[in-house]
Amino acid sequence: MRFPKTRRGLFVCATLILVSAAIVWAATDVTVSKSDSKYASASMTDGTYWTSVYLMESDNGLILSYGIWERQTTYPYWVAIEQGYGEIDKSDGSIGSTSAWVDVDTSDIATVGDGGTIDVEWTETGLYGYESTSKNTFIQGNVKTISFGGYSNTTAEASGTVLGEDFLGTGMIGTNKGKTIRQVK
């Protein structure tokens, strides 16, 4: 097949090439998954104890992760004395674009220690922030996986109480957005 040397001929030729490439990866099964979430994190240390609180909100609910570690003079240098992770009720916290809060009894999600009340509020400081996006393609045999997404966050101060102790930490408030497309030919 010969195309004339005109814009229309070049357009037709380019279109045929793109259609041919698409047919080569014509998928018989396409799966699309999405993962969007918001998060707030903060930590503080006085040199002897390190305290950390992480709250994540997604379509599936709220997840809280927290810990208090004590400094040791030998390895392991930090040992958990209180720690927990798990889903909490949506009425126990929330994350917005510039602030977040959590007020919950952690005794049901404690993995080390007895747990207790965590009551922390985050406020954006805007000192600095990060933004990043990416796209990755992975092909293995007849499966092509395309993942793309990104995150953005900004600095925040957090204050309140963690298991009865005053908490004044620094951290971040941010969002994660992602999508994965899996094609099987």
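FYI, the numbering just counts along the sequence from 1. The shown structure was predicted, so the numbers you read here are calculated from the model rather than taken from an experiment.
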Any idea which heavy atoms bring [X] and [Y] closest together, and the distance?
| X | Y | value |
| --- | --- | --- |
| Val143 | Thr145 | CG1-OG1, 4.0 Å |
| Val120 | Ala158 | CG1-CB, 3.8 Å |
| Thr180 | Ser147 | OG1-OG, 3.6 Å |

Same cluster or not: [X] versus [Y], using hydrophobic residues (I, L, V, M, F, W, Y) connected whenever any side-chain heavy atoms lie under 4.5 Å apart?
| X | Y | result |
| --- | --- | --- |
| Phe167 | Val102 | yes |
| Trp101 | Ile109 | no |
| Ile68 | Val79 | no |
| Ile88 | Val112 | no |
| Leu127 | Tyr151 | yes |

Side chain to side chain donor-acceptor pair (under 3.5 Å) contacts touching residues 108-123 (sequence neighbours left out): none
Do [X] and [Y] have side chains that approach each other closer than 4.5 Å (heavy atoms only, starting at C-beta)?
| X | Y | result |
| --- | --- | --- |
| Val30 | Ile181 | yes |
| Tyr66 | Thr51 | no |
| Asp103 | Asp92 | no |

Between Glu82 and Gly115 (side chain of the first, backbone of the second, donor and acceptor by atom type, cut-off under 3.5 Å), is there such a pair?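 Looks like yes, one N/O pair under 3.5 Å.
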Could you tell me whether a side-chain N or O of Lys177 sits under 3.5 Å from a main-chain N or O of Gly150, the two making a donor and an acceptor?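 Checking the backbone N and O of Gly150 against the side chain of Lys177, no donor-acceptor pair under 3.5 Å is found.
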For [X], I'd like to know if atom [atom1] has over 12 heavy atoms of other residues, nucleotides or ligands within 6.0 Å.
| X | atom1 | value |
| --- | --- | --- |
| Asp166 | CG | no |
| Glu165 | CD | no |
| Gln72 | CD | yes |

If the condition is side-chain hydrogen bond (donor to acceptor under 3.5 Å, both in side chains), which residues does Thr175 pass it with, not counting sequence neighbours?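 Checked Thr175 against side-chain hydrogen bond (donor to acceptor under 3.5 Å, both in side chains); matches are Ser152.
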What verdict does the side-chain contact (heavy atoms from CB on, under 4.5 Å) test give for Leu55 and Ile63, after you've listed the backbone C-alpha separation in whole Å, the side-chain angles of each residue and the deciding distance to 0.1 Å? CA-CA 6 Å; Leu55 182 66; Ile63 301 290; over 6 Å; no
Looking at OG1 of Thr155 and CE of Met172, how far apart are the two atoms once the value is rounded to the nearest 0.5 Å?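 Answer rounded to 0.5 Å: 6.5 Å.
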Checking Asn136 against Ile146 for the side-chain contact (heavy atoms from CB on, under 4.5 Å) test, could you report, in this order, the C-alpha distance in whole Å, the side-chain angles of both residues, the deciding distance, and whether it holds? CA-CA 6 Å; Asn136 299 295; Ile146 304 167; over 6 Å; no
Taking the basic N atoms (NZ, or NE/NH1/NH2) and the acidic carboxylate oxygens, is any pair closer than 4.0 Å for Asp36 and Lys34? yes
Qualifying residue, where the test is ring pair (Phe, Tyr, Trp, His ring centres under 6.0 Å) with Trp69 and the options are Trp78, Tyr49, Trp50: Trp50
List the steps and the verdict of side-chain contact (heavy atoms from CB on, under 4.5 Å) for Thr137 and Lys144. CA-CA 7 Å; Thr137 302; Lys144 181 178 187 179; 3.9 Å; yes
Passes side-chain contact (heavy atoms from CB on, under 4.5 Å), Ile118 versus Thr161? Steps please. CA-CA 6 Å; Ile118 293 180; Thr161 59; over 6 Å; no
